[in-house]
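Here is the structure we will look at, set down as structure tokens.
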Amino acid sequence: MKKLFVHHPLFRLLSPLFSGTLVYLLILLVNNNIGQLQEAFLGEELYVCIGLAYLIQEYSRLSLVLFERLKLDITYFWKLTVQIASTLAIGIFLVTGAMYAYFKMVLAYTPNTKELVIFNSIFSVITFIYMVLYVSHEFLYKVNTERVAEEIAEKQQVEEDFLEFKRGVNPELLFESLECLLVVMKRNPEKAEQLSDHFSSVYRYILAKKNRELVRLSEEINVLHELLPLLSSLPYRKIGLDIFTEGETWVVPGSLLAIVERIMRSTIPTSMRQLTLNLMETEESLRLQYQPEEVLRARFTDAALCDIARNYRFYSDCSVRIIEEPPYKIIEIPKLSFDESSSD
């Protein structure tokens, strides 16, 4: 779309043949010499017109290329004005020079003013048409580019909304929890009822968090305590949590839940060992520490936290990152502050 068709080799080769022939016919009409067509159409004057068409169209094309690459510190309107005026002026100079050369070297006399005016007028129109094509192409390209950019932005927004909805609903945890409930309720209805309470608490929080930007750490920890029994009820999963924090800071809602679940899914399932998580606090960050035994198909890296890190960038210059201090792996989350009075 960006490349104008006047730069195409086939157009550059054939277009001057037609425009030169048209110029020749127009000159005959202006001079009332249309009867000359019956005597010799393929005459010397026709070749001169075609040659001038080649000259003017190639110059016009080169002018478009030159001004496209030229960086002028002026507005688009004045740049276009300068481009049209200079292209027409140099085009007139080229046509005048070529006419003088042809008339003196071939016909052995100087062209009169009328002949120069006719030739320059017609070829100036051809040059102006080139400029109109260029300007219309530029505006069309700009409009189409803006539309394509808007469509891409809308598509990305829809995809992000879908991914955010999918992460919020968390279909994998949803179906695994429901399947676990179906199994447990046949053997232990009381435990199934407890799991159902945990399940409803977690998903009530997940679905309600969309209306909140930040939550207190203590609230997130309360829901985390509801999530752990759900995760521990899955086959070959044992998860414990030790908390060493006062819970006075703020976090992005659902971030700790997502991190704990992703740690669990990156760990080899086994009933012989409990996955113990330690939630600690420093002056600037929260640290979730554990001893990893990761599955072979995928390690738990910073890429697994890119969506959480993106959310935290709105509130902190510090990033969410993974620190490896053998035998521990630590997920570091920046501490956030929030003035509740500013939201009133």
Side-chain angles (χ1 to χ4, degrees), residues 1-72 74-141:
M1 176 62 200
K2 179 60 176 172
K3 187 175 181 181
L4 189 59
F5 66 87
V6 297
H7 301 305
H8 195 281
L10 194 61
F11 180 86
R12 292 169 58 188
L13 183 64
L14 298 179
S15 175
L17 296 176
F18 295 101
S19 59
T21 303
L22 181 61
V23 169
Y24 177 59
L25 294 175
L26 288 174
I27 292 173
L28 292 180
L29 287 173
V30 170
N31 293 325
N32 199 20
N33 290 334
I34 197 66
Q36 185 177 341
L37 291 175
Q38 299 176 356
E39 300 175 4
F41 176 73
L42 299 176
E44 190 175 278
E45 292 79 3
L46 174 61
Y47 302 136
V48 171
C49 291
I50 293 176
L52 283 174
Y54 272 108
L55 176 65
I56 292 303
Q57 291 192 24
E58 282 301 305
Y59 162 70
S60 301
R61 189 187 71 84
L62 292 176
S63 174
L64 297 180
V65 175
L66 175 63
F67 274 90
E68 198 171 299
R69 297 180 179 178
L70 193 62
K71 304 298 181 182
L72 297 176
I74 54 177
T75 63
Y76 180 79
F77 172 78
W78 285 111
K79 179 182 177 181
L80 184 61
T81 302
V82 171
Q83 182 176 359
I84 293 175
S86 61
T87 303
L88 289 175
I90 297 176
I92 291 173
F93 173 78
L94 290 176
V95 171
T96 303
M99 291 298 298
Y100 266 100
Y102 170 70
F103 273 79
K104 283 189 174 183
M105 297 175 63
V106 178
L107 302 181
Y109 71 91
T110 303
N112 57 44
T113 304
K114 180 181 177 183
E115 291 170 332
L116 290 176
V117 169
I118 293 173
F119 274 88
N120 280 310
S121 299
I122 295 175
F123 282 107
S124 294
V125 170
I126 294 177
T127 304
F128 184 75
I129 291 174
Y130 258 69
M131 302 306 300
V132 171
L133 286 173
Y134 167 75
V135 173
S136 60
H137 176 268
E138 283 293 304
F139 279 107
L140 182 61
Y141 175 76

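All values reported here derive from a predicted model rather than from experimental measurement.
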Task: Straight-line distance of L62 CG to Y59 OH, nearest 0.5 Å - done: 9.0 Å
TODO: Measure the spacing between CG of L52 and OG of S19 and express it to the nearest 0.5 Å.
DONE: 10.0 Å
Open item on the list: To the closest 0.5 Å, what do you measure between CG (L10) and CG (L14)?
Closed with: 4.5 Å
Open item on the list: Once side chain to side chain donor-acceptor pair (under 3.5 Å) is applied, do any residues pair with S63, and if so which ones, sequence neighbours excluded?
Closed with: T87
TODO: Work out which heavy atom in L116 is nearest to a heavy atom in P111; give both atom names and the distance.
DONE: CD2-CG, 4.1 Å
Task: Rounded distance (nearest 0.5 Å) linking atom OG of S124 with atom CE of M131 - done: 12.5 Å
Open item on the list: Working to the nearest 0.5 angstrom, can you tell me the gap between L133 CG and F128 CZ?
Closed with: 10.5 Å
Task: Derivation of the side chain to side chain contact (heavy atoms under 4.5 Å, CB included) call for V23 and I126 - done: CA-CA 9 Å; V23 169; I126 294 177; 3.6 Å; yes
- [ ] Could you pull out the closest heavy-atom pair between S60 and T127, with the gap in Å?
- [x] OG-CG2, 3.6 Å
TODO: Identify the two heavy atoms, one from P16 and one from A53, that lie closest to each other, and give their separation to 0.1 Å.
DONE: O-CB, 3.6 Å
Task: Interatomic spacing from CG in L17 to CD1 in I50 - rounded to 0.5 Å - done: 5.5 Å
Task: Closest non-hydrogen atom pair, Y54 against L13 - done: OH-O, 2.6 Å
Less than 3.5 Å apart, which donor and acceptor atoms pair up between the side chains of residues 89-106 and the rest of the protein, not counting sequence neighbours?
from: T96; atom 1: OG1; to: I92; atom 2: O; distance (Å): 2.8
from: T96; atom 1: OG1; to: N120; atom 2: ND2; distance (Å): 3.2
from: Y102; atom 1: OH; to: E44; atom 2: OE2; distance (Å): 2.7

TODO: Check F119 against C49 and note the closest heavy-atom contact, atom names and distance.
DONE: CE2-SG, 4.2 Å
